[in-house]
Amino acid sequence: MSSTVYQQAIKELAEAAHGSGLLEHPDGASRLDNPLCGDRISLTVQLDGGVITAVRHETRACLLCRAAASLIGLTAPGKNRKEIAEETVALEALLASSHALPAAWKELEVFAPVSGYPSRHGCVLLPFKALNEALAQP
Amino acid sequence: MSSTVYQQAIKELAEAAHGSGLLEHPDGASRLDNPLCGDRISLTVQLDGGVITAVRHETRACLLCRAAASLIGLTAPGKNRKEIAEETVALEALLASSHALPAAWKELEVFAPVSGYPSRHGCVLLPFKALNEALAQP
Amino acid sequence: MTIALREQFPFYAARAACHYLDNAATSQIHSQALAAMVGQESHRANVHRSPYRLAEAATQAYGDARAKVARFLNAASCAEVVFTSGATASLNLVAYSFGETLKAGDEVVLSAAEHHSNFVPWLRLKERAGICLRILPVLPNGRIDTARLQDLVTERCRLIAITHCSNVTGAVTDVAAVVAAARAVGAKVLLDGAQQVQHGPVDVAALGADFYAFSSHKCFGPTGVGVLWGKKAMLALLPPFLSGGGMVGSVSLETATFAAPPARFEAGTPPVGQAIGLGAAVDWMMTLPWAEIHRYESMLLARLLAGLAVFPAVRLIGPADLHARLPIVSFEVAGIHPHDVCQVLGEREVALRGGHHCAQPLLAALGSEGATRASLALYNDQADVDAFLNGLEHALKVLS
Amino acid sequence: MTIALREQFPFYAARAACHYLDNAATSQIHSQALAAMVGQESHRANVHRSPYRLAEAATQAYGDARAKVARFLNAASCAEVVFTSGATASLNLVAYSFGETLKAGDEVVLSAAEHHSNFVPWLRLKERAGICLRILPVLPNGRIDTARLQDLVTERCRLIAITHCSNVTGAVTDVAAVVAAARAVGAKVLLDGAQQVQHGPVDVAALGADFYAFSSHKCFGPTGVGVLWGKKAMLALLPPFLSGGGMVGSVSLETATFAAPPARFEAGTPPVGQAIGLGAAVDWMMTLPWAEIHRYESMLLARLLAGLAVFPAVRLIGPADLHARLPIVSFEVAGIHPHDVCQVLGEREVALRGGHHCAQPLLAALGSEGATRASLALYNDQADVDAFLNGLEHALKVLS
Ligand SMILES: Cc1ncc(COP(=O)(O)O)c(C=O)c1O
Ligand SMILES: Cc1ncc(COP(=O)(O)O)c(C=O)c1O
């Protein structure tokens, strides 16, 4: 099936919905809306010495947003706040310019085709914003 | 001196300022402003059996408006309400289309060149509107 | 018909690739409207009467545009036509200006089908002035439940502000019922005609409303201009909304007096070029064979609805019948987000819109979190409908 | 310089006959602004993000226009730039929205030199909200008497709303003095930049104001669009003004939440094509050698003022010196009405404007019942000034 954006990898990510659900005793939590499209994510995170030990989220959103949330569910555990901030910057750069990704963030590659559709950037970024916000809590 | 609008006749009319001043015991009076240009006319009229016996006006306005007020001062006495209404319609038609004037209102001819300048129609019409308004009083 | 029509649109002259089905968001501009705007802008002067040739011409052309809109609406006089910056500005004008005449406890009746532009201004007025809002519900098919007018329109009702046609469902409101209910209690009626005007001239006299609002960009004119029509006697009673140059009688340090309508409601330099473009657009529209166009649009709509009905995963948001309905079609696809549908079709050059369509209360009432919308205009054709239906089939495969 | 510049204006390309000296009312449009608007309008989509090519392009171009205006103003961020329908709408936005945050007894300081668009909205707010207006007087030469700031700006002052440059006298306000006075009492500053922007980019950071308002049509862009710049922290605190699509967070039947600035202040479909045209206009302006242009405009202004001084019947309304002054020149002719002067010069293709120039309080303060105005822009030349001076000589003969 031909679609620039909906490659197999992104669809599988969305479908897998890694990390779905919510933690009962999170160290940080956030809820973000994208008023333009109605996407909504609630995200909870658990930390140990500044390192993410678990992320769970409830994402009611488009496929791109769900794929991004799922990627976070899959790959965020083990990273710290600074790494997540760097990854978010790398994602923004990827979307803005489709530039080559730093090797550290190769997992974001799946979102490269979205760079041609600025109206969808917010969908991909929403879960990362939610994660940063949850991590910003003391 | 070449000017389409400011012919000798119109200038003489304005200069003569026929009927300037105000009647002390008018049968009808009116005051009209043109907010677009600040022209203002106060007009008083005396009647006998429905016929104008005297018109006096104070006109603080451009030359075209003063010429029209002066024409009224000169020619309105002796006319009745219906004739003034008809003359006003004839003037509006003249300004709108530069059509030939009915013989009865040849005196309006002097305003024919103004028809090309819609922004000035209100200047010429203001004294006639004031006269009609003064005549509309019981 | 559409081939000849299409040639008149710069959009189709330049790029045939796109199946443009987002007409409810904005229509393409007609060449005559564009040319009129460009002509005015290219050698222009401000309006409001200066005695040099350019300014006389601008004042004249702006007045002519007003006369054209008055004819398009069958208004009683040009003085009933106020140029604004768009439908949203027109609706806010009424909410602020007519709103100033309302007292706490006065009621305004809206419907659950309103676009945010005819909903949020009234929510805000409720907060400012303590008026009560009463909301006409919608039926499951999205139509406004006018049977409820009877119990919702009370003696305290001062205004019914309601859409002429929904931008989500395409349902055309039973205006006669609304006007009758308003008249029975002495209330006024404001119609939001934003969606209606694209489908032909409107007869405000026959409709019997007091106010009518629409945008130029949805009826083949430029962006940046809209219209508020108001009955002369109504406008005469209203206080100004925006204030500034061009709408005053006189101004002192202490106080100001205001000009008669429409000038009273046109503070500042109006969108001169855009109003003249709109005048050309409606002038062109008045030359069209609307009975024929309506049949044509309905035929396309019927095929689109029939094609949609084939997909079991699709739920239509709005009436399935063709009666009192414009060619605006919204739907949900089970398990698939509207933005994903729009994206896949967008990649195939089918232009749709997805989301809440600035009508969150309506979607909430119909139990929807978002819908995909295809909206047709007179220049669309069977190929557009086919591209949409084929694209949707493709999208379902890609996204499932 | 002007010859090369002129070729860039459709007005001069098409008709050289007119000596256009009504630039303070509206400027001629630059070809780049017109082309950008036409390009957008010719194949358009609504903004606010839909994922098809046309809509992505429209959203992008609209955002780029905002970025260009932000650069033109040296704004700290694009989010500080709100597109409106014009300067009058921008000023009303502040009067309504900032006005909502004021309480009875709060003071707003204006000057007697304000255009009605920055005067009447505050008179109306006074009536609505019981605020007090304090008016900075003007000196006999028309300059705002900033020495009076000290006693007029009190602890109760919440805002000084003042023109950056007068549309009658051409006098440029001493903004530093105004800002200092405001800061001393914690008040905000709104500058009406309608006349200033035609004469080069503005540096809002250096000016130190909180709000800046202007219109596109006075700086070589299309009609139908304007700008309100506001400091980010300021805008964030303000309630919305117009409400409708595109400015909400979420809407229910009961309540609504609002988007962050600038979206919060851009209800409904914005003037997309016009904003993109304005973006192109300011982009072009940013490429110009402004020091050179200012010298050139001042040279023309000096010749015009010198030429006027020769007529004993002429009284200048405004400063006779060139310091802090733009090339806007108003004057009275003893015993002759401004409209007659304009008419005679109009017949000779010299475009002037006469009357109160939407500044009745200023003319009253200067003891004038109406003035004739000649206003220059960068494309004017010596021949225009000569045609004006010769025409005036002729007019005096015709009219005396
Ligand atoms: C000083 C000043 N302020 C405000 C305005 C209002 O601008 P606009 O008519 O474009 O809204 C003008 C325009 O004449 C002006 O000269
Ligand atoms: C029904 C309805 N009302 C009002 C509006 C607002 O129109 P505009 O955005 O042109 O101001 C729209 C536009 O989407 C609409 O569909």
Side-chain angles (χ1 to χ4, degrees), chain C residues 10-11 14-15 18 22 25-26 28-29 34 38 41-46 50-52 54 85-89 92 115-117 119-121 123-124 135 215 217 222-225 242-245 248 250-253 255-256 267-269 271-274 339 342-343 346 351 353 358 360-361, chain D residues 10-11 14-15 18 22 25-26 28-29 34 38 41-46 50-52 54 85-89 92 115-117 119-121 123-124 135 215 217 222-225 242-245 248 250-253 255-256 267-269 271-274 339 342-343 346 351 353 358 360-361:
Chain C
F11 175 75
R15 47 158 81 203
C18 177
D22 196 14
T26 199
Q28 297 303 325
I29 197 169
L34 187 62
V38 168
E41 290 277 45
S42 303
H43 41 194
R44 71 186 175 189
N46 212 317
S50 233
Y52 57 90
L54 266 183
S85 58
T88 299
N92 276 271
H115 188 279
H116 291 166
S117 291
F119 200 91
V120 187
L123 277 181
R124 300 253 308 141
I135 315 289
S215 281
H217 71 93
T223 54
V225 65
L242 301 184
S243 41
V248 301
S250 70
V251 178
S252 74
L253 290 181
T255 189
T269 302
V272 183
Q274 293 67 44
H339 282 190
C342 290
Q343 171 84 38
R353 191 155 294 245
C358 299
Q360 288 178 11
Chain D
F11 175 75
R15 47 157 80 201
C18 177
D22 197 14
T26 199
Q28 295 305 325
I29 197 169
L34 186 62
V38 168
E41 290 278 44
S42 302
H43 41 196
R44 72 184 175 190
N46 211 317
S50 232
Y52 57 89
L54 265 183
S85 58
T88 299
N92 276 272
H115 187 279
H116 290 167
S117 290
F119 201 91
V120 186
L123 278 181
R124 300 253 308 140
I135 315 289
S215 282
H217 71 93
T223 54
V225 65
L242 301 185
S243 41
V248 301
S250 70
V251 178
S252 73
L253 290 181
T255 188
T269 302
V272 184
Q274 293 67 45
H339 283 191
C342 290
Q343 171 83 39
R353 192 156 292 245
C358 300
Q360 288 178 10

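Each chain gets a letter, A, B and so on, in the order the sequences are listed, and its residues count up from 1.
Heavy atoms of C:Ile29 lying under 4.5 Å from chain D belong to its backbone as well as its side chain. Contacts of D:Ser250 with chain C are made by both backbone and side-chain atoms, with heavy-atom separations under 4.5 Å. Looking at C:Arg124, only its side chain comes within 4.5 Å of chain D, counting heavy atoms on both sides. With a 4.5 angstrom heavy-atom cutoff, D:Val225 does not touch chain C via any of its atoms. Proximity to chain C is limited to the side chain of D:Leu123, based on heavy atoms less than 4.5 angstrom apart. Both the backbone and the side chain of D:Leu253 have a heavy atom closer than 4.5 Å to some heavy atom of chain C. With a 4.5 Å cut-off on non-hydrogen atoms, D:Leu242 touches chain C through its backbone and its side chain both.
C:Leu54 contributes atom CG, which lies 6.5 Å from atom CD of D:Gln28 (distance to the nearest 0.5 angstrom).
Ranked by heavy-atom pairs under 4.5 Å with chain D, the list C:Pro121, C:Cys358, C:Gly346 is led by C:Pro121. Chosen from C:Gly273, C:Ala256, C:Pro361, C:Ala351, the residue pairing most often with chain D at heavy-atom distances under 4.5 Å is C:Ala351. Annotation: maximal heavy-atom pairing with chain D below 4.5 Å, among C:Ser215, C:Ala267, C:Ala87, C:Ala89, occurs at C:Ala267. Of the listed residues (C:Gly245, C:Ala45, C:Ser85), the one with the most heavy-atom contacts under 4.5 Å to chain D is C:Gly245. Considering only heavy-atom pairs separated by less than 4.5 Å from chain C, the leading option among D:Pro51, D:Ser252, D:Pro271 is D:Pro51. The candidate with the highest count of non-hydrogen atom pairs below 4.5 Å against chain C, out of D:Gly224, D:Ser42, D:Gly86, is D:Ser42. No other option in D:Asn92, D:Thr88, D:Thr255 has as many heavy-atom pairs under 4.5 Å with chain C as D:Asn92.
Legend: residues meeting side chain to side chain donor-acceptor pair (under 3.5 Å) with D:Thr269, ordered by chain and number and at least two apart, are C:His217, D:Asn46. Remark: D:Ser243 engages no residue in a side chain to side chain donor-acceptor pair (under 3.5 Å) (not counting sequence neighbours).
The two residues D:Gln274 and C:Thr223 have their closest heavy-atom pair at OE1-OG1, 2.7 Å.
The backbone N or O of D:Val251 sits less than 3.5 Å from a side-chain atom of C:Gln360, completing a donor-acceptor pair. For D:Ser117 (side chain) and C:Gly268 (main-chain N/O), no donor-acceptor pair under 3.5 Å exists by modelled atom type.
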Under the side chain to side chain contact (heavy atoms under 4.5 Å, CB included) rule, what do C:Val38 and D:Glu41 come out as? Steps first, then yes or no, please.
CA-CA 11 Å; C:Val38 168; D:Glu41 290 278 44; over 6 Å; no
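Among D:Arg353, D:Gln343, D:His339, the one residue that satisfies the side-chain contact (heavy atoms from CB on, under 4.5 Å) test with C:Ser50 is D:Arg353.
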